[in-house]
Amino acid sequence: MSLSENSGSIISQTVAENLIAAFDQRYQGEIISSFIGANHIKSILSQQDCIGIRIYNGYNAASGKMSLVLVGVDKDEKELLDDGLIYDDMITCPPTCPVEGLFVKK
C-alpha cells in the first residue's frame, strides 16, 4: 500500500472508544493522549511537497513515558528531515486530561 494524501480511515466513536479503552487496559499508567496545536500541524503540512504526517512512538527516558514524534512525509514516502520540522513535547494525558471526550476516567 502506498502513501497518499488520503491515507487513513474514518472510524466511529464506538470503535475509537474501544481502541482507547483496550490500550488503557493493556498499558495501564501510560500516556492516553497527546495534544499538539493546530499551528504546528499546519507548519508540518505546509512544508514543500508534504502529503501527510508520520507519527512515531518514542520513549522519553527522563519521564519514563511514551512520547509521540511527528514528521512530514513527501509523495515519494520520504520523511522531510534535515531542515524539515519534527515535533515532540506535546501536552499529554495524564496529567492534562480532557474533562469530556473519547476517554474520560471517572
- request: Using side chain to side chain donor-acceptor pair (under 3.5 Å) as the criterion, list what pairs up with Glu100, not counting sequence neighbours.
  value: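 Side chain to side chain donor-acceptor pair (under 3.5 Å) check on Glu100 returns nothing, list empty.
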
For [X], what residues pass the side chain to side chain contact (heavy atoms under 4.5 Å, CB included) criterion, not counting sequence neighbours?
X     : value
Ser63 : Asn60, Lys65
Asp83 : none
Ser9  : none

query: Under the 4.5 Å side-chain heavy-atom rule for ILVMFWY, direct or indirect, which residues accompany Ile11?
result: Val15, Leu19

task: May I have all residue pairs that pass salt bridge (charged side-chain N to carboxylate O under 4.0 Å, His left out) and include part of residues 27-53, sequence neighbours excluded?
output: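 Passing the test, one end in residues 27-53: no pairs.
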
message: Enumerate the salt bridge (charged side-chain N to carboxylate O under 4.0 Å, His left out) contacts for residues 4-23, please, sequence neighbours excluded, ordered by first and then second residue.
response: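 The answer is none; no pair qualifies.
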
- prompt: What residues form a ring pair (Phe, Tyr, Trp, His ring centres under 6.0 Å) with Tyr27, not counting sequence neighbours?
  reply: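 In terms of ring pair (Phe, Tyr, Trp, His ring centres under 6.0 Å), with neighbours along the sequence ignored, Tyr27 is linked to Phe23.
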
Using atom types as modelled, flag every donor-acceptor pair under 3.5 Å from a side chain in residues 50-57 to any protein atom, sequence neighbours excluded.
unit_1: Arg54; atom_1: NH1; unit_2: Glu79; atom_2: OE2; d: 2.9
unit_1: Tyr56; atom_1: OH; unit_2: Glu79; atom_2: OE2; d: 2.4

task: Nearest 0.5 Å please: distance from the CD1 atom of Ile41 over to the CG atom of Leu70.
output: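 If I round to the nearest 0.5 Å, the distance is 5.5 Å.
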
task: Supply the atom-to-atom distance Glu77 CD to Leu3 CG, rounded to the nearest 0.5 angstrom.
output: 3.5 Å

- request: Mind jotting down which residue pairs meet the ring-ring contact (aromatic ring centres under 6.0 Å, His included) criterion with at least one end in residues 59-81? Sequence neighbours excluded, please.
  value: none

Can you give each donor-acceptor pair under 3.5 Å made by side-chain atoms of residues 85-97, sequence neighbours left out, with the distance rounded to 0.1 Å?
unit_1: Tyr87; atom_1: OH; unit_2: His40; atom_2: ND1; d: 3.0
unit_1: Asp88; atom_1: OD1; unit_2: Ser67; atom_2: OG; d: 2.4
unit_1: Asp88; atom_1: OD2; unit_2: Ser67; atom_2: OG; d: 3.3
unit_1: Thr92; atom_1: OG1; unit_2: Pro94; atom_2: O; d: 3.0

field: Any donor-acceptor pair under 3.5 Å from Asp76 side chain to Lys78 backbone
entry: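 No; judged by distance alone, with no hydrogens or angles, the pair does not exist.
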
